[in-house]
2 protein chains.
Amino acid sequence: MLTECMSVISGAWAPNVIWCLRAGPRRFSELRADIPPVSAKVLSRRLSELEERGVLIRHVRPTSPPSVSYELTPLGTELIPALDAIVSVGHRLKILQAYELPLAERAEKEQKSEHVSAK
Amino acid sequence: MLTECMSVISGAWAPNVIWCLRAGPRRFSELRADIPPVSAKVLSRRLSELEERGVLIRHVRPTSPPSVSYELTPLGTELIPALDAIVSVGHRLKILQAYELPLAERAEKEQKSEHVSAK
DNA sequence: CCGTATCCACAGTGATACTG
DNA sequence: CAGTATCACTGTGGATACGG
């Protein structure tokens, strides 16, 4: 159940794609530029999957050269706050660890110098 | 940035583990039973990763046989609403598709019978 | 510009068996 | 009970090249 629902954001870069579309529609090449290390193949795959799942919609303008843009559906938009929350927690976890790590190092040093100060 | 933050819930069954701990502490074997197809190896890995990330804490009671329980940290608890939101969206997407799929099939059938009704 | 096809490589999982 | 070690496998992503 949960696993099935979580799969809507599964696949490499899927959350990034949703994230990049939060401010409005974007074109294929723009998305590729937004998420530097993503290959065209994977981005293409992810976009079709997300379209099939109903997270975003694909607009094709039959110009020359062809122009394709992607946009979040209403339900897709509802994923943004969830991603926001995760990012918020993730960010604070990072900060905590940047603070706790030096503490651990300090404790280690104190233990090392123990036989010195205790002699 | 987003990728880095999203990685706090990365790894197989990680969201499920968090989900199963939302109601309170749980023991290793209980978690294994909660998430049927998870192997001891993977569950063990995931739990240590989540502990290292600060999502949960590990309690060891030196009884015999040994008893170990896991509990969400305050920050870990904050992930619950986010998962809730994703599940909610995922659930509604499912329903939409169960509704849209028959529509597509109907349209297909109508197209098939077109030359019949139009003859 | 927007993809798809092919090939390759590897991270990550699952199964099994074994320890404290 | 709560893990760890080993191994084999496969899904998934990256690079490249090509097509609409």
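We name chains A, B, ... by the order of the sequence lines, and we start the count at 1 in each one.
- Inter-residue side-chain proximity for A:Pro66 and A:Val60 is flagged as unmet; no heavy-atom pair is nearer than 4.5 Å.
- If you measure from atom NE2 of A:His59 to atom C1' of C:dG3, you get 18 Å, rounded to the nearest angstrom.
- For C:dG3, one of the phosphate oxygens OP1 or OP2 lies less than 4.0 angstrom from a side-chain nitrogen or oxygen of A:Tyr70.
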Nucleotide pairing, DNA chain C (Watson-Crick or G-U, distances under 3.5 Å), in dot-bracket with [ ] and |: |.||||||||||||||||||
All N/O pairs under 3.5 Å across the protein-nucleotides 11-16 of chain D interface:
from, atom 1, to, atom 2, distance (Å)
D:dG13, OP1, A:Ala12, N, 2.6
D:dG13, OP1, A:Arg46, NH1, 2.7
D:dG13, OP2, A:Arg46, NH1, 3.4
D:dG13, OP2, A:Arg46, NH2, 3.2
D:dG14, N7, A:Lys41, NZ, 3.3
D:dG14, O6, A:Lys41, NZ, 2.1

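- The nearest heavy atom of DNA chain C to A:Ser29 and to B:Pro66 marks one nucleotide each, and the one closer to the 5' end goes with A:Ser29.
- Counting to the nearest Å, the C1' atom of C:dG20 and the CZ atom of B:Phe28 are 14 Å from each other.
- Among the heavy atoms of the strands lying under 4.0 Å from B:Arg58 are primed sugar atoms or P, OP1, OP2 only; no base atom is included.
- Residues B:Leu72 and B:Ile18 share a closest heavy-atom pair of CD1-O, 3.9 Å.
- For the atom pair CH2 of A:Trp19 and CG of A:Asp84, the computed distance is 4.0 Å after rounding to the nearest 0.5 Å.
- Of the side-chain N and O atoms in B:Ser44, one or more sit less than 4.0 angstrom from OP1 or OP2 of D:dT4.
- Heavy-atom contacts from other residues, nucleotides or ligands closer than 6.0 Å to CZ of A:Arg45 number 12 or fewer.
- The interatomic distance linking B:Arg61 (CZ) with D:dC1 (P) rounds to 14 Å, in whole Å.
- Salt bridge status for A:Glu71 with A:Arg26: absent, with no side-chain N to carboxylate O gap under 4.0 Å.
- We find the OG-CE distance between A:Ser10 and A:Met6 to be 9.0 Å, quoted to the nearest 0.5 Å.
- Between B:Leu43 atom CG and D:dA2 atom C1' the separation is 10 Å, expressed in whole Å.
- Note: CG (A:Leu47) to P (C:dC2) measures 11 Å, nearest angstrom.
- Residue-level contact check: B:Arg32 touches neither bases nor backbone, having no heavy atom under 4.0 Å from any strand.
- Remark: B:Lys94 engages A:Glu4 in a salt bridge, criterion side-chain N to carboxylate O under 4.0 Å.
- Counted within 6.0 Å of NE2 on A:His59, heavy atoms from surrounding residues, nucleotides or ligands total more than 12; the atom is thus considered enclosed.
- Under 4.0 Å is where a charged nitrogen must lie from a carboxylate oxygen, and between A:Glu30 and A:Arg27 no such pair does.
- What separates CG of B:Asn16 from P of C:dT13 is a distance of 12 Å, to the nearest Å.
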